[in-house]
Amino acid sequence: MTFKEKVFNIVKGIPEGETLTYKEVAKRAGSPNAYRAVGSILGTNYDSNIPCHRVLRSDGGVGGYNRGIENKKKILKKEGALA
DNA sequence: CATTTGACGCCAA
DNA sequence: TTTGGCGCCAAAT
C-alpha cells in the first residue's frame, strides 16, 4: 500500500456531503505534512472512481479540479457540502 | 538517477 | 486583515 493508494482509499471513503482538507487526507495517509504530495497525486493521477471533488483546502477554498473548478463547486453544492 | 512540478499550508511582513 | 514568501512530500518528466 503506497501513499497514493492510501490517499485514493481515504478520498474514496469520504461520505456524500462530507468534505476533507488535503491536510486531513495526508494526515490519515500516514504523513501529516505530505499535503503537497496529496495534491500532486490527485492532480497527476486523477481517477473517476474517486470523489476527489470532496477534498477542499484548509482555508475552506475549493482548491482545484481537473474537470473544471466550477463543476467541482457545483457538485459540492449539489451534495450539500458547500454552502 | 536528478530535477522540476503540483489540486497546499503556514509564518512573516 | 491581506499579500508575499518559504517549506513540505511524493510523483512525473
Side-chain angles (χ1 to χ4, degrees):
Chain A
M1 182 63 71
T2 67
F3 189 81
K4 65 174 201 157
E5 286 182 89
K6 293 182 199 175
V7 173
F8 284 121
N9 183 43
I10 294 162
V11 177
K12 225 188 309 181
I14 301 176
E16 184 177 300
E18 296 293 303
T19 51
L20 283 177
T21 64
Y22 292 98
K23 204 172 106 179
E24 281 294 292
V25 176
K27 190 174 182 180
R28 292 183 183 203
S31 297
N33 34 313
Y35 40 74
R36 286 307 237 139
V38 177
S40 263
I41 293 163
L42 296 178
T44 41
N45 205 6
Y46 180 79
D47 275 305
S48 315
N49 308 47
I50 301 173
C52 25
H53 60 265
R54 291 183 189 156
V55 186
L56 310 181
R57 291 185 64 171
S58 312
D59 306 89
V62 210
Y65 200 50
N66 282 3
R67 269 42 174 220
I69 183 61
E70 293 299 325
N71 187 263
K72 177 174 180 176
K73 291 193 298 187
K74 188 176 178 180
I75 298 169
L76 292 170
K77 198 169 184 177
K78 191 175 184 180
E79 294 189 350
L82 188 66

* Structure fact -> Taking for A:Ser58 and for A:Ser40 the nucleotide of DNA chain B with the nearest heavy atom, the one nearer the 5' end belongs to A:Ser40

* Asked: Taking for each residue the nucleotide of DNA chain C with the nearest heavy atom, is it A:Tyr35 or A:Ile41 whose nucleotide lies nearer the 5' end?
  -> A:Tyr35

* If you look at every strand shown and take non-hydrogen atoms under 4.0 Å, does A:Ala37 touch a base, only sugar-phosphate, or nothing? -> base

* Hey, could you give me the NE2/NZ distance between A:His53 and A:Lys73, rounded to the nearest 0.5 Å? => 14.5 Å

* **Covered region of DNA chain C, 5' end to 3' end, by chain A [heavy atoms, under 4.0 Å]** => C:dG7 to C:dA12

* Asked: To the nearest 0.5 Å, what is the distance between OG1 (A:Thr2) and CD1 (A:Ile41)?
  -> 7.5 Å

* Structure fact -> Min and max contacting nt of DNA chain B in 5' to 3' order, chain A heavy atoms within under 4.0 angstrom, are B:dG6 to B:dC10

* To do: Hey, which sits more toward the 5' end of DNA chain C by its nearest nucleotide, A:Asn45 or A:Arg36?
  => A:Arg36

* To do: Using both distances under 3.5 Å as the test, list the Watson-Crick or G-U wobble partner of C:dC9, or none.
  => B:dG6

* To do: Report yes or no: does A:Lys72 contribute a side-chain atom to a donor-acceptor pair with the main-chain N or O of A:Leu56 at less than 3.5 Å?
  => no

* Value rounded to 0.5 Å, distance of CD in A:Glu18 from CZ in A:Arg54 -> 9.0 Å

* Which base sits across from C:dT1 as a Watson-Crick or G-U pair, both distances under 3.5 Å? -> none

* A:Phe8 side chain reached by A:Leu42 side chain, heavy atoms, under 4.5 Å -> yes

* To do: Check the side chains of A:Thr21 and A:Glu24 for a donor-acceptor pair under 3.5 angstrom, ignoring hydrogens and angles.
  => no

* Would a 4.5 Å heavy-atom cut-off, applied to side chains only, mark A:Asp47 and A:Val11 as touching? -> no

* **From CD1 (A:Ile10) to CG (A:Leu20), nearest 0.5 Å** => 8.5 Å

* To do: Name the nucleic acid region contacted by A:Leu42, choosing base, sugar-phosphate or nothing; use a 4.0 angstrom heavy-atom cut-off, strictly under.
  => base

